[in-house]
Protein chains: 2
Amino acid sequence: MEDVIRSLGFLCLGSRLKRIGEQLQADTQRVLDRLDVQVQSSQFPLLAALDRLGPLPVGELAQSLGIAQPGVTRSVSLLAELGLVEVGQSNNDQRRRIVSLTRDGRRLVDVAKRDAWPRIEKAVADLCADLSGPLLDQLAAIEDGLAAVPLDRRAERTGAAVQ
Amino acid sequence: MEDVIRSLGFLCLGSRLKRIGEQLQADTQRVLDRLDVQVQSSQFPLLAALDRLGPLPVGELAQSLGIAQPGVTRSVSLLAELGLVEVGQSNNDQRRRIVSLTRDGRRLVDVAKRDAWPRIEKAVADLCADLSGPLLDQLAAIEDGLAAVPLDRRAERTGAAVQ
DNA sequence: CATTGTTATATACCATGTTATTGATTTGCG
DNA sequence: CGCAAATCAATAACATGGTATATAACAATG
């Protein structure tokens with residue numbers, strides 16, 4: 001069965017990138033599930049942003065994640081319900097709501113940084129290890145690579161086995 | 001403001017691909033809007049699949065697009081309401097519903113093939129023209145390129161101006 | 001040939017992104 | 001100062017993806 005998106009090349013590059021991205025996120029989710037991390041893979045960028053940059057107002061969080069502000073508002077509400085982040089008022093501007101990691105959030109990030117992120121990063125790096133050449137070829141190689149050995153199986157094989 | 005997704009490299013590759021894909025789709029949408037095409041850019045892969053492969057049952061359509069079947073069912077309902085596709089029963093298997101382009105759908109595809117797709121393809125090819133090297137670098141170049149000159153402005157400049 | 005399993009599609013519900021709008025502050029200027 | 005404009009966040013409404021499940025038709029077997 002022909003893969004139409006792939007055949008159409010540049011014309012459907014957007015759909016294709018989105019499709020590969022979703023695939024990667026889903027696979028990453030499986031790695032996290034296996035490590036008993038209770039957060040959706042898609043929430044990690046937000047947690048990572050707070051980890052890297054410290055407490056931030058909603059708008060700046062949106063900017064640093066490259067997504068629209070309502071998306072951040074929603075994720076923050078969700079993570080706040082899980083007790084991983086909390087929102088406080090700014091002192092000098094009552095409109096701004098500063099988001100920060102709670103103690104639990106901090107702990108989760110630390111665990112993830114130690115156990116999960118290195119595996120995931122290594123698995124993706126493994127997937128992309130031998131890529132070169134034109135973008136479309138690299139994307140095809142990623143798709144084929146994921147189909148051959150899903151990310152979560154690449155994550156099992158630690159350090160030495162990779163590359 | 002630091003772009004956290006970009007900084008995290010392979011760790012957030014999924015989020016990043018998704019983000020770039022969405023950006024590209026949104027820009028493509030603007031090109032289509034300007035050409036008075038009345039369909040969401042995200043529906044075009046389905047129309048293109050029917051154009052390339054002829055009438056197909058829902059499941060095979062899903063396979064050839066690389067998305068899950070319910071997504072196809074939804075898109076087909078939408079496009080059927082717009083009168084662009086129609087569904088018929090298979091002769092030998094009453095479960096299968098064969099999706100095909102209507103006359104209007106055929107016409108839309110023909111117009112798009114003539115007017116829109118070449119522009120879009122050229123604009124994306126322009127965006128990706130000088131890319132080389134590691135995947136993450138190419139992605140960064142795409143993001144920077146889109147930020148500098150959005151796809152819809154690249155599509156204005158026809159043939160000669162490109163590359 | 002009836003029951004059981006499989007397959008094809010539809011439906012329900014959820015996740016996560018978007019844009020447009022609203023409401024509350026803050027800013028800036030006459 | 002006082003009011004218009006700008007800014008920040010929340011909400012609503014929509015788009016589009018997913019998984020899980022229901023339903024209907026077909027296949028296969030005792």
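Chain identifiers are assigned alphabetically (A, B, ...) following the order of the sequence lines, protein sequences preceding nucleic acid strands; residue numbering begins at 1 within each chain.
Atoms CD (B:E81) and C1' (D:dC14) sit 15 Å apart, rounded to a whole Å. Spacing between atom CD of B:Q25 and atom P of D:dG17 amounts to 7 Å, rounded to whole angstrom units. Taking atom CG on B:N91 and atom P on D:dA25, their separation rounds to 16 Å, with Å as the unit. Whole-Å rounding puts the B:D93 CG to D:dT23 P distance at 20 Å. Computed from coordinates, the A:Q29 CD to D:dT19 P distance equals 12 Å when rounded to whole Å. In this structure, B:N92 atom CG and D:dC26 atom P are separated by 9 Å, rounded to whole Å. If you measure from atom CZ of A:R96 to atom P of C:dT25, you get 16 Å, rounded to the nearest angstrom. For the pair A:Q89 CD and C:dA24 P, the interatomic distance rounds to 14 Å; values are reported in whole Å.
Closest to the side chain of A:A68, out of C:dT19, D:dG18, D:dA9, is C:dT19. For A:K18, counting side-chain heavy atoms from C-beta on, the closest listed nucleotide (C:dG17, D:dT11, D:dT16) is D:dT16. Out of D:dT19, D:dC8, D:dG17, the shortest distance to the side chain of A:R95 is found at D:dC8.
Base contact: A:P70 has a heavy atom under 4.0 Å from a base atom. Within 4.0 Å of A:R74, counting heavy atoms only, lies at least one base atom of the nucleic acid. Note on A:G71: a base of the nucleic acid sits closer than 4.0 angstrom, heavy atoms only. Among the heavy atoms of the strands lying under 4.0 Å from B:Q43 are primed sugar atoms or P, OP1, OP2 only; no base atom is included. Across all strands shown, B:E22 has heavy atoms under 4.0 Å from sugar-phosphate atoms exclusively, and none from any base.
Salt-bridge formation is not detected for the pair A:E86/A:R103: no Lys NZ or Arg NE/NH1/NH2 atom is positioned less than 4.0 Å from an Asp or Glu carboxylate oxygen. Here B:R6 pairs with B:D144 in a salt bridge; the nearest charged N to carboxylate O distance falls below 4.0 Å. Using a 4.0 Å cut-off between charged nitrogen and carboxylate oxygen, B:R106 and B:D110 count as a salt-bridge pair. A salt bridge links B:R19 to B:D3: at least one charged side-chain nitrogen sits closer than 4.0 Å to a carboxylate oxygen.
Between B:Q94 and D:dA24, a side-chain N or O to OP1/OP2 separation shorter than 4.0 Å is absent.
Along DNA chain D, the nucleotide nearest to B:S75 and the one nearest to B:Q69 differ in position, and the one closer to the 5' end is contacted by B:S75.
Remark: of the listed residues A:D27, A:D152, A:D115, A:D152 is the sole one forming a salt bridge (Lys or Arg N to Asp or Glu O under 4.0 Å) with A:R34.
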